[in-house]
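What follows is a short report on a single structure.
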Amino acid sequence: MAEKLKHRSMMRGGWTALAAGAMVLVGTAAWAADETPKHGGIAVIGTDGSGLTTLNSHATSATPVLMVSDLWADGLFARDGKGKKVPHIATSWDISPDQKTYTFHLRAGLKWSDGKPFSSADVVFTLKDVAKFNTYQTQMLPNMESVEAPDANTVVVTLKAPLAAALEGFDKEVLPLMPKHIYEGTDVLQNPANRNPVGLGPYKLQAFEQGRSLTFVRNPNYWDQPKPYLDGLVVAIITDTQQQINALLQGEIDFVKLPYTQVARVQEAAKATGKVFARQVEVSAPERASLDFNMRKPPFDNQKVRQAVFHAMDRTRIISDAYHGFAFLATNAIPAQFTELSDPSVDYGKLYPHDVAKAGKLLDEAGFPLVNGKRFTVDLTYSASVFNRSTFEPIAQILAAQWKEVGIETTLSGLDDQLWIDKVYKQNNFDVSLVSLTGRTDPTLGVDRSFLCNPNKLPYVNPSGYCNPELDAIAAKANGAAAADRKQFYKTYEEIVARDLNEISMTNVPTFHGFSTRFEALHTQFDVSFNEYPNWAEVWLKNGK
Amino acid sequence: MTVGVETREVTAAPTWIRSLWTGFRALMRTGAGRTGVIIITALALVSWFAPWIAPNGPIELADKSLLPPSRLHLMGTDNVGHDLFSVVLYGGRASLAIGFYAAAIAFLLGGTIGALAGYLRGPVEAVLMRIAELFQTLPVIVVVLFVVAMLGSSFWLLIGAVAVAIWPLEARIVYGQFVVLKEREFVAAAQAAGLSTSHIILREILPNALPPVIAQVALDAGLATLIAAGLGFLGLSDPSIPSWGEILNRGQSYLDNAWWMSVFPGAAICITVLGLNLLADGLNEIFDPRSSSGTRLQS
């Protein structure tokens, strides 16, 4: 069996071959013509590997880290294809009538992937000691009065004030549970377990070859037996988007997040060969490509300059050329896909239409007259990791050309992920930063982080230095109000952001994944309506191989 | 004594210019060298005059993206709508400028170190040349990749990185020349005349050492240009300044539907490499005493 698998793997590429030799094999390959999931086989995920210096997704929200985290980590609940919450580590939860106390009932007798017992103390530890590093928890944690574990299988979270989206903060993708016995008393961000994680997810890490691959095998202690179905998963780091797609089309990898330049190619290949499949991920709030301004220093400390650069840009060009038509214009700070919350009457298209003359006038008023065709030079920085660069570099080039028309020279700094995070979020040594941020399931998680006061220096959290108590107060009201009342507060929220523009949301962008049709019954397996990444515990392969 | 010095100063400059001119004429007599000189000169001229020749600016969005070559856009447009003809012209500027500046800096740095080591000998020689050897053991592309990965890629940083990577080549050749020339009579005469060390190095030895050094600088300029194109292709060039490698890198994603994004910058790189290789062949020929033109130069 081992030989057979090894042979097959070598045909599929070096990563699998590497993994196969070491894997413990338990699968069988019995064929049946029904849709009963089968055990066995190895799937290969392709990624550019950016940010994979840590696997702890509390420490970063870089895409590959989140993707890998879905393999080894789990949380209180996940989502199904219709967005419904599905119990995972929690079997159920109660919310008190005053909306301030959340009681989670946990599965009994669970074990971590290292065999140590799991209990409510781990959940308490995660919330108290690890989540403070988490970009999605920046609004939730300050509102938390207490976290207690009255018994081994119960966790009670009490909030200072009701928070409409509080439950969203416990989803497995934004709050992966971390083991207390590994992290207690250590520096969480430096703990070696960040590279050799112990989790509750369907797989556990077997080997991590830096810059090459990560090999995962079935976690024998996974709570939802007989899942997972696969013997293992290999995360292959391929630092070239073209090669990623070639690998997908040639059957060397089975899954990859598609760069926008390649979506059409995979769609065509899907029609021609039937061996691959391109699919738009149905997240509630797509990513928003945004510009963060450093408001600590000139020229972007001046509101008129920020407004001027908005007028100077023609966002339709970004959609057509950087996103190949797959994105659409952002209406305002709250993505329009939050249909119950976003008020489209605050419309960037009307407030900041492409108007070069207006931009020039604002810059004149701001004290930056045109001298010899030039006003000033700014530094536009972005993550140039493989996936990001395929979109960010064209966006940056388009902005540089459009801003030049109003006399702004732009220096482009495409940096390695870690350098960019350090420059923008730790050192705050930038003029403009280009980033794409997920809205997650509620503005509290994915949107507030860009606009509210940010005393900490967490990655992907408001790097602009903008701190407006008025906006923070409105956000608190929006977060605490009953569902029907939230929209009115978000309208004020949108108006304040539209005026101050510490961050410009340019476009909203859906995510596309490319799959191999080796996976059986794709529609039931990849329930990704709200979670951005597949629930890999559910995945099985045709014939189990 | 003073008279003697003045005589040397008057005659030194024309001597080295004459020797360079002789070398150039010898180079032009070789088929490869002549073709190389013509290609590189043509490229340099076209790149230099890019602002007058190119219909659009290097970062200007000239038209819709991915338009095929036409009368309006001779090489088509790229993925964001730059006029590719303009970008290739300006890209040549960046590529050749990186080569020129990097080689010049490497010459200044390596030349100084090589000259001091070769002239002073002893412990200075031991230390300086070991440092040069240490740098020489590092693969050029690895040094450059390291610098770019640590500090990001900007135009001048790239030049500095390439210069740091190639200076030992200059150092070694200057050192070799100095070791040989130091023993010649005119140096002994200058020393006997009580001339300062800097004077002897700069005015006596250096002019005589120049021809092979110039050849090395030319070769290094080519190497630097190629490294710059390679970095661009790997996505490590300065994105603010269009370069051939960078366009080629972007073109990869559009091979299916926009061949022109790969073909034109690729052809530009090919022609440059061809020109530089021919130039290098010509230089090798005239400095190789066993070849007929080498003999010609020496006569």
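For the numbers below, each heavy atom of this structure counts, side chains included, while hydrogens, waters and symmetry mates do not. What you see is a predicted model; the values in this text were computed from it and never measured. Here is how names work: the chains are called A, B, and so on, in the same order as the sequence lines, proteins then strands, and each is numbered from 1.
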Got a sec: does the [atom1] of [X] have more than 12 other heavy atoms crowding it under 6.0 Å?
{"X": "A:Phe208", "atom1": "CZ", "value": "yes"}
{"X": "B:Phe146", "atom1": "CZ", "value": "no"}
{"X": "A:Tyr425", "atom1": "OH", "value": "yes"}
{"X": "B:Trp259", "atom1": "CH2", "value": "yes"}

Any chance you could measure [X], atom [atom1], to [Y], atom [atom2], to the nearest 0.5 Å?
{"X": "A:Asp321", "Y": "B:His82", "atom1": "CG", "atom2": "NE2", "result": "9.5 Å"}
{"X": "A:Thr410", "Y": "B:Ile59", "atom1": "OG1", "atom2": "CD1", "result": "6.5 Å"}
{"X": "A:Gln242", "Y": "B:Ser253", "atom1": "CD", "atom2": "OG", "result": "5.0 Å"}
{"X": "B:Lys64", "Y": "A:Ser320", "atom1": "NZ", "atom2": "OG", "result": "9.5 Å"}
{"X": "A:Gln397", "Y": "B:Glu60", "atom1": "CD", "atom2": "CD", "result": "14.0 Å"}

When A:Lys423, A:Glu405, A:Lys404, A:Gln418 are compared by non-hydrogen pairs under 4.5 Å with chain B, the top option | A:Lys404
May I ask you to decide if B:Val80's main-chain N or O and A:Arg317's side chain share a donor-acceptor pair within less than 3.5 Å?
-> yes
Check: A:Leu412 main-chain N/O paired with B:Ser240 side-chain donor or acceptor under 3.5 Å = yes
Measure distances from A:Tyr260 to the heavy atoms of chain B and classify the residue's part below 4.5 Å as side chain, backbone, both or neither.
-> neither
Contacting moiety of A:Thr411, where chain B heavy atoms sit under 4.5 Å = both
Heavy-atom check, side chain of [X] versus side chain of [Y], under 4.5 Å:
{"X": "A:Arg265", "Y": "B:Asp256", "value": "yes"}
{"X": "A:Tyr382", "Y": "B:Pro239", "value": "yes"}
{"X": "B:Asn249", "Y": "A:Arg389", "value": "yes"}

Top of B:Ser65, B:Pro242, B:Gly81 for chain A proximity - count of heavy-atom pairs under 4.5 angstrom = B:Ser65
I would like to know whether A:Gln243 and B:Gln252 meet side-chain contact (heavy atoms from CB on, under 4.5 Å); could you show each step before the answer?
-> CA-CA 10 Å; A:Gln243 281 179 21; B:Gln252 279 182 98; over 6 Å; no
